[in-house]
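Have a look at the structure below before the remarks.
Both backbone and side-chain heavy atoms feed into the values below; hydrogens, waters and symmetry mates do not.
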Amino acid sequence: MTIAFMHALQARDYETANREAGALVPPGFAEHLDDFFRYRLSQLDADPSIRQWLGRVIVLSDAGARPVIGSIGFHGPPDERGRLEIGYRVELSYRRRGFAREAVRAMFDWAVSTHGIHRFVASISPTNEPSLQLTAGLGFVETGSHIDEIDGLEIEFEADWP
């Protein structure tokens with residue numbers, strides 16, 4: 001996501017967001033990213049170099065119209081232990097079709113090949129069964145839990161990649 005794309009979505013300017021993404025952003029997409037924009041745009045103001053780690057859109061590129069079907073990114077640059085935390089969301093009508101798995105694998109592959117990062121973290125609600133299954137299938141193991149100020153209880157997982 002470019003900064004202009006994020007600002008456009010934050011302002012609910014879907015025409016500009018579509019142009020910035022080169023894809024069709026579905027109505028209501030921005031509402032799921034309000035907390036992300038509030039938090040990440042202030043981080044980007046302080047340090048624009050972190051943009052490469054943050055949000056990206058998931059575009060279904062072989063569908064003619066190039067719909068945006070979700071978002072994915074890391075929570076920031078690698079932490080002090082060299083780990084990256086992944087976050088993602090797939091639009092309801094595209095869930096349970098392997099798109100999240102494909103996008104997560106692509107992000108991990110990018111981090112490994114471009115930056116040599118091999119350790120990844122995921123924090124997931126204990127009621128989010130699809131994401132729990134996805135992380136289990138990618139070899140993540142439970143390492144703890146915490147309370148997120150927005151999402152509540154989250155179980156922490158870690159995995160090496162590949």
Side-chain angles (χ1 to χ4, degrees), residues 1-61 63 65-80 82-97 99-111 114-115 117 120-132 134-135 140 145-158:
M1 292 181 203
T2 65
I3 293 172
F5 175 83
M6 289 186 253
H7 281 295
L9 276 184
Q10 190 177 41
R12 305 305 193 258
D13 178 356
Y14 282 87
E15 184 177 323
T16 300
N18 289 341
R19 233 182 0 264
E20 279 293 316
L24 293 174
V25 180
F29 185 77
E31 284 77 12
H32 302 289
L33 295 170
D34 282 336
D35 292 323
F36 171 85
F37 295 141
R38 237 185 327 275
Y39 187 68
R40 300 300 180 209
L41 284 169
S42 64
Q43 285 182 307
L44 285 164
D45 285 342
D47 183 2
S49 72
I50 67 169
R51 191 184 67 75
Q52 69 176 324
W53 304 106
L54 302 180
R56 300 169 189 213
V57 290
I58 303 169
V59 176
L60 189 56
S61 59
R66 294 182 42 82
V68 171
I69 64 167
S71 61
I72 190 166
F74 298 112
H75 287 220
D79 67 13
E80 65 284 346
R83 303 172 308 168
L84 287 168
E85 183 172 355
I86 191 75
Y88 54 88
R89 181 183 180 284
V90 174
E91 290 293 300
L92 187 59
S93 60
Y94 293 95
R95 291 181 186 164
R96 308 295 293 173
R97 294 168 51 185
F99 296 121
R101 178 178 307 278
E102 180 180 348
V104 168
R105 293 174 74 102
M107 289 296 291
F108 290 176
D109 288 345
W110 171 82
T114 306
H115 299 284
I117 305 296
F120 298 92
V121 175
S123 297
I124 303 169
S125 165
T127 62
N128 186 341
E129 192 58 40
S131 285
L132 294 170
L134 187 148
T135 53
F140 278 75
S145 65
H146 67 270
I147 302 294
D148 181 88
E149 63 188 46
I150 295 169
D151 298 323
L153 177 63
E154 293 185 328
I155 303 170
E156 300 165 359
F157 298 89
E158 288 190 37

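- In this structure, CG on L33 lies 7.5 Å from CZ on R89, to the nearest 0.5 angstrom.
- Counted within 6.0 Å of CD on E129, heavy atoms from surrounding residues, nucleotides or ligands total more than 12; the atom is thus considered enclosed.
- Across all their heavy atoms, I147 and L153 have their closest contact at CD1-CA, 3.8 Å.
- In this structure, S71 and F29 approach most closely via the heavy-atom pair CB-CZ, 4.0 Å.
- With hydrogens and angles disregarded, no donor-acceptor distance shorter than 3.5 Å links the side chain of T114 to the backbone of A111.
- With a 6.0 Å radius and a threshold of 12 heavy atoms from other residues, nucleotides or ligands, E102 has its CD atom at or below the threshold.
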Side chain to side chain contact (heavy atoms under 4.5 Å, CB included) assessment of I86 paired with F120: CA-CA 7 Å; I86 191 75; F120 298 92; 5.8 Å; no
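- With R51 contributing its side chain and I3 its backbone, the two residues share no donor-acceptor pair below 3.5 Å.
- At least one donor-acceptor pair closer than 3.5 Å links the side chain of Y14 to the backbone N or O of G28.
- Ring centroids of W110 and H115 are separated by less than 6.0 Å, placing the two rings close together.
- To the nearest 0.5 angstrom, F36 atom CZ is 9.0 Å from Q43 atom CD.
- M1 has its side chain within reach of V57: a pair of non-hydrogen atoms, C-beta onward, lies under 4.5 Å apart.
- Taking 4.5 Å as the limit, every side-chain heavy atom of S125 sits out of range of all side-chain heavy atoms of D151.
- Within the 4.5 Å cutoff, no side-chain heavy atoms of S123 are placed close to those of D148.
- For the atom pair CD1 of I124 and OG1 of T135, the computed distance is 3.5 Å after rounding to the nearest 0.5 Å.
- With rounding to the nearest 0.5 Å, the separation of CG in N18 from CZ in R66 is 11.0 Å.
- In this structure, E15 places its CD atom where only 12 or fewer heavy-atom neighbours from other residues, nucleotides or ligands lie under 6.0 Å away.
- Dense packing is recorded around CZ of R12, with more than 12 heavy atoms of other residues, nucleotides or ligands lying under 6.0 Å away.
- Rounded to the nearest 0.5 angstrom, H146 NE2 and I155 CD1 are separated by 10.5 Å.
- Remark: the backbone N or O of V90 is paired with a side-chain donor or acceptor of R95 at under 3.5 angstrom.
- The two residues A30 and F37 come nearest to each other via the heavy atoms O-CE1, 4.2 Å.
- Side-chain atoms of L132 and F157, non-hydrogen and from C-beta on, do get closer than 4.5 Å to each other.
- With R40 contributing its side chain and G76 its backbone, the two residues share no donor-acceptor pair below 3.5 Å.
- Put simply, the side chain of R101 never gets that close to the backbone of R97: no donor and acceptor are under 3.5 Å apart.
- Side-chain contact between M107 and L84: absent, with no pair of heavy atoms (C-beta onward) separated by less than 4.5 Å.
- Taken to the nearest 0.5 Å, the OH atom of Y94 stands 12.0 Å off from the CD1 atom of I58.
- At least one side-chain heavy atom of D35 sits under 4.5 Å from a side-chain heavy atom of R38.
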